[in-house]
Amino acid sequence: MKILGVKGMNDILPDPLGPMSVWQRIEAACRARFDRYGYREVRTPIVEETRLFARSIGEETDIVGKEMYSFTDRKGKKQLSLRPEGTAGVVRSYIQHSVHSKNPITKWWYGGPMYRYERVQAGRYRQFHQIGAEALGVAAPAMDAEMLLMLDGLLRHDLGIQSLTLLINSLGDRADRASYVQALRDYLGSHLTGLCEDCKKRYERNPLRALDCKVPPCQPILDKAPRIKAHLSSEARTHFDTVLELLSGMQVPFEIKPRLVRGLDYYNRTCFEFVAGGLGAHDTVCAGGRYDDLVKTLGGPSIPAVGFALGMERLVLLAPKELSRRPEGPAVFFVSVDEEAISTCFRLTESLRRAGLEAEMDQRGGSVKSQMRRADKVHARFAVVIGEQETSEGAAHIKDLRAGEEVPVETPVSFEDLAAEIHLRLKRSS
RNA sequence: GUGAUCAUAGCUCAACUGGUUAGAGCGCUGGACUGUGACUCCAGAGGUUGAGGGUUCAAGUCCCUCUGGUCACCCCA
């Protein structure tokens, strides 16, 4: 009985066995883009107290209700959970270290694995990775817009994702939302017979979710449902309009989707999603919004905030092929002709590495042919064969594995000059 | 939590309506070329046909259970 990895939790193997280079390129693009917008990386634990998630995400949500990996701490009676999303931990950290009192504006980004016990599906796993960012301390709509500009640049420009659409909506403030939910519930209540079973449940538990329903018979009813827009306070409405104006002013395309809602309870005002084709049943690669009440809800001061999270696995699915170019192999591969030569190769390999070059050898020895095959297999640029003669002369030939058939006769390069010579040849051919 | 579908060598896949010893390509190892890769040719290693049970003279093939993969619903990044 083989021991397998846990369902829904995947290995990401190094290239060319796996898509590691795509992951790394996406991560690098995120870092570079976030840097430019003044976001600094924060790292928080993967495990937090269960209460934190219950309070922030919402006791009634599916995430908290049935999808968390929770357990009791070994000693005390602490209930702990693997984080199902990143914002809660980041905000907890922000409050715990009184960051607001050191700086009125905080821009942080984070990345790492998240855990939700769900049925695995295309673009959805039990351990999945998010990269997200939070801007705390600014209530102005310009912060929402700046964040969307950053994301549009990252996804469309840096990562070259085609068929990308920014969906945007406003959820209003707490009071707006309450009055809207009431209105929506009244409306759905009067049309219960025409709704699907799921929507009947949503009617009771969370009417907003019904707006996302895909069942055809529900559509005409939902199309005529009251819109949140009519329930927005004038402040919330102005905020939303300003965000849209700023986006238009910078030529960032978007689509207002009145029925867009969020899965987590803490959002208010601006909420958005970047969607793209090619993700199977899901189409969201990035989602986020404003959460002006969360910091206070978690016991901190009243600090407004906006944030988002990108789904790495989904990004990887969408990434254009150019991102998966195979990485370079070692600069030099040392081949040993016999047992004695192995120690010379060992020395030379290390000396090239100390000189900053990627060098490799086959410590097992074996036939020259098989070692040359290995050199080719790992895409080494040069091969250096070491035998009795090279060891006694302290010099060796350098074979260019990319040069093709003709190998011009040349004078051997002394071991001392090897690193410099390789550096020179690499520079010349680049 | 619900449903569909699949599982044969390291990988991608064959094996007529159940019927001899489960094959191929790629990859791996070695050789042709006794110290030089990629191309060619030759050879070799590698399988409890996902696991367990059942039907049958006979099961990779049919039935049941489990595990795992994939996809969809719910929900979500």
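Reckoned from all heavy atoms, side chains included, excluding hydrogens, waters and symmetry mates. Naming: A, B, ... by sequence-line order, numbering from 1 per chain.
- With hydrogens and angles ignored, a donor-acceptor pair closer than 3.5 Å exists between the side chain of A:R314 and the base of B:C76.
- Across B:G46 and B:A4, the matching P atoms stand 41 Å from one another, rounded to whole Å.
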Review point. Is there a salt bridge (Lys or Arg N to Asp or Glu O under 4.0 Å) between A:E255 and A:K257 once you walk through the steps?
Key: CA-CA 6 Å; A:E255 193 178 302; A:K257 191 185 171 197; over 6 Å; no

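- A:D376 has no carboxylate O lying under 4.0 Å from a charged side-chain N of A:R373, or vice versa, which leaves the two without a salt bridge.
- Residue A:F274 is classed as having no contact, given no heavy-atom separation below 4.0 Å to the nucleic acid.
- For the pair A:E60 CD and B:C75 C1', the computed distance is 15 Å after rounding to whole Å.
- Closest contact between the side chain of A:Q389 and the listed nucleotides B:G30, B:G35, B:C76 involves B:G35.
- Heavy-atom distances to RNA chain B give each of A:M9 and A:K377 a nearest nucleotide, and the one nearer the 5′ end belongs to A:K377.
- When distances run from any side-chain atom of A:V368 to the nucleotides B:U36, B:C76, B:A72, the shortest one goes to B:U36.
- No N or O donor and acceptor, one from the side chain of A:R119 and one from the base of B:C75, sit under 3.5 Å apart.
- Judged by distance alone with a 3.5 Å cut-off, no donor-acceptor contact links the side chain of A:E67 to the base of B:G1.
- Because its NZ or CZ atom is both nearer than 6.0 Å to the ring centre of A:Y117 and within 45° of the ring axis, A:R126 counts as a cation-pi partner of that residue.
- In the set B:A72, B:A77, B:A38, the nucleotide with an atom closest to the side chain of A:A287 is B:A77.
- Under 4.0 angstrom from either OP1 or OP2 of B:G30 there lies no side-chain N or O belonging to A:K369.
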